[in-house]
Amino acid sequence: MSSLGNFVKRLRDIMRNDAGINGDAQRIEQIAWLLFLKVYDTKEEDWEFDDDAYESIIPEECRWRNWAVDDGKGTAITGDDLLDFVNNKLFPTLKGIEVSKTTPINKAIVKTTFEDTNNYMKDGVLLRQIVNVIDELDLTNYEESHAFGEIYESILKELQSAGSAGEFYTPRAVTDFMAQMIKPVIGEKMADFACGTGGFIISWLKALESQKKTIEDREAFDTSVYGIEKKQFPYMLCVTNLLLHDIDTPCIYHDNSLLKDVLDYTEDDQFDVVLMNPPYGGSEKTEVKNHFPSDLASSETADLFMSVIMYRLKQNGRAAVILPDGFLFGTDNAKVAIKKKLLSEFNLHTVIRMPHSVFAPYTSITTNILFFDRTGSTKETWFYRLDMPDGYKNFSKTKPMKLEHFAPAIEWWGNREEITIDGFDKAKKYTVKELSDEKGYNIDLCGFPHEEEEILPPKELIQQYQEKRASLNADIDRILEQITNILGIEGI
């Protein structure tokens, strides 16, 4: 167990000497594919034990046990031979595995995992050292395997500091809070259409764990999650994460959720629960908009994902989704159309305004959690502002948000009342008429009154100004239209 604590440090120290590895992002990607093969080999031992007829999709010489394991007798492949094997045999073989629609998920994931993966190391002796450190992990030992699950979490957190990779990681406190509030039930199916490294999926499974009582429950639990991830690297991390959590058939697909016509979705494509933090701030290619009805075709990714969620949530289903402030205050045509659809076809019962810097230092944009269900139209919506905990000016890498910081919101959730502090609303209920007619779908309510002016990075500052400008333009157009209607003036 003690060796686990410095596991990542040992790997880092070895890799620092390899000329092929450039920075943390490559270092972690290198660790990730090796870990996948180690974890997969341990799983295959279980599957072989349970099924005498089990056959690996990986050719014998490429299985971890046959090239990676070092028995200490000096026969393990190393140096240039190891490098040659990895680059010219292992990778081409795994990338070239043939899969069809009938290939079981637990086999097909090998090909998908290696499709766009690279070996960055250029020193075969150092690569052998890395392989040996990873092979020391005893994942058949429950305690060690469980402890490694925690270590894996810390590896995922380190991704945040690896440049742009931070976009895949939602703080564990946030995913746990959302899973807890959504109240999972055995037998339900949950989806995340941009699942990153699988944070929401793991939180869902954790919240559901205590309901596993029978073999049927276990089967329902194992097949209760579904994820899609566009980027290769987080996809690989997510699959490994689920295998580590004993989900033997991870229904995680390497795909882009925005490349299918939303009008083509049927009941078979719908889920009981959606938990998500859609990517935002990004713009998709113009043709992506063609997959959405023209009124919902926004150029902002978070808006497009909101439409996907609405089309893929079952009747009586529940959703919790993280969205930036721009979604709340935005009154451009697409945002208004999305919010109209949300309020008229779904019950948006709660909006939790999160404090700033929850995602710091990777983005300073303030975010919110929207809780809604498909039980009919919205009658009223509660807004609740979660303030910074005492003693915190900002969250940071060293002082991240914790689940206990949500305690005031959890307490308020079960016994809702309106709260005003210093003349500003902290919690308040609005009718749908107030939100639509009076507010014009600008639902930036119960916000943070005493926000100090934050100095944002230029890219985020520009994005915020653009969103606010679009929103103001839409407000001006709407008011002008009302005035011209009242005055009966034609086409000003």
### Task
Using the ring of Phe221 (Phe, Tyr or Trp, six-membered ring only), decide whether Lys212 places NZ or CZ under 6.0 Å from its centre and within 45 degrees of its axis.
yes
### Message
On the six-membered ring of Phe329, is Lys335 placed so that its NZ or CZ lies under 6.0 angstrom from the centre and within 45° of the ring axis?
### Response
no
[X] side chain vs [Y] backbone, donor-acceptor pair below 3.5 Å:
X	Y	value
Gln26	Asn22	yes
Lys339	Leu328	yes
Gln211	Pro184	yes
Asn442	Asp444	yes
Thr378	Val432	no
Asn241	Thr197	yes
Thr381	Leu348	yes
His291	Val288	no
Arg353	Leu445	yes
Arg12	Arg27	no

### Query
Passes side-chain contact (heavy atoms from CB on, under 4.5 Å), Phe406 versus Met178? Steps please.
CA-CA 10 Å; Phe406 279 104; Met178 288 163 69; over 6 Å; no
Relative to the ring of [Y], is the ring of [X] parallel (under 30°), tilted (30 to 60°) or perpendicular (over 60°)?
X	Y	value
Trp47	Tyr54	tilted
Phe271	Tyr226	tilted
Trp67	Trp64	perpendicular

Hey, could you give me the [atom1]/[atom2] distance between [X] and [Y], rounded to the nearest 0.5 Å?
X	Y	atom1	atom2	value
Tyr120	Ile21	OH	CD1	8.5 Å
Tyr235	Thr112	OH	OG1	3.5 Å
Leu343	Leu435	CG	CG	6.0 Å
Asn277	Cys195	CG	SG	12.0 Å
Met354	Tyr384	CE	OH	13.5 Å
Phe371	Trp413	CZ	CH2	4.0 Å

### Task
Would you please test Asp246 and Arg218 for side-chain contact (heavy atoms from CB on, under 4.5 Å) and show each step?
CA-CA 11 Å; Asp246 282 333; Arg218 171 79 220 198; 4.0 Å; yes
Side-chain heavy-atom pair [X], [Y] within 4.5 angstrom cut-off:
X	Y	result
Phe359	Ile365	no
Phe383	Asn368	no
His349	Thr375	no
Val225	Cys251	no
Leu34	Lys38	no
His254	Asp116	yes
Ile109	Met236	no
Gln270	Tyr265	no

### Message
With ring-ring contact (aromatic ring centres under 6.0 Å, His included) as the rule and sequence neighbours excluded, what pairs involving residues 88-107 come up?
### Response
Trp33-Phe91, Phe91-Phe114
### Task
With sequence neighbours excluded, tell me which residues meet side-chain hydrogen bond (donor to acceptor under 3.5 Å, both in side chains) with Thr117.
Gln232
Would you tell me whether [X] and [Y] have side-chain atoms, one donor and one acceptor, within less than 3.5 Å of each other?
X	Y	result
Asn119	Asn87	yes
Asn106	Thr249	no
Lys95	Thr93	no

### Query
With a 4.0 Å cut-off, would you call Lys89 and Asp84 a salt bridge?
no
### Task
Would you mind checking if Glu60 and Arg63 are paired as a salt bridge, meaning a charged N to carboxylate O distance below 4.0 Å?
yes
### Task
Compute the centroid of each ring, for Phe148 and then for Phe7, and state whether the two points are separated by less than 6.0 Å.
yes
### Query
Can the ring centres of Phe305 and Phe193 be said to be less than 6.0 Å apart?
no
What pair of heavy atoms forms the shortest contact from [X] to [Y], and how long is it?
X	Y	value
Ser56	Ile58	OG-N, 3.0 Å
Pro250	Ile105	O-CG2, 3.0 Å
Val273	Glu188	CG2-OE1, 3.9 Å
Thr175	Ser203	OG1-OG, 2.7 Å
Ala302	Leu323	CB-CD2, 3.9 Å

### Task
With side-chain contact (heavy atoms from CB on, under 4.5 Å) as the test, would you mind laying out the steps for Ile202 and Leu242 before giving the verdict?
CA-CA 8 Å; Ile202 299 301; Leu242 287 183; 3.6 Å; yes
#### Entry: Heavy atoms from other residues, nucleotides or ligands near CD of Glu287 exceed 12 (cutoff 6.0 Å)
yes
### Message
Can you confirm whether more than 12 heavy atoms, excluding those of Leu263, are under 6.0 Å from its CG atom?
### Response
yes
Got a list of side-chain donor-acceptor pairs under 3.5 Å for residues 308-316, not counting sequence neighbours?
unit_1	atom_1	unit_2	atom_2	d
Arg312	NE	Asp269	O	2.9
Arg312	NH2	Asp269	O	3.3
Gln315	NE2	Arg374	O	3.3

### Message
I'd like to know whether Leu275 forms a side-chain contact (heavy atoms from CB on, under 4.5 Å) with Asp192, so could you lay out the CA-CA distance, the side-chain angles of the two residues, the decisive distance to 0.1 Å, and finally the verdict.
### Response
CA-CA 6 Å; Leu275 291 172; Asp192 180 345; 5.7 Å; no
### Test side-chain hydrogen bond (donor to acceptor under 3.5 Å, both in side chains) applied to Thr113 and Lys111, step by step
CA-CA 5 Å; Thr113 297; Lys111 180 186 173 72; over 6 Å; no
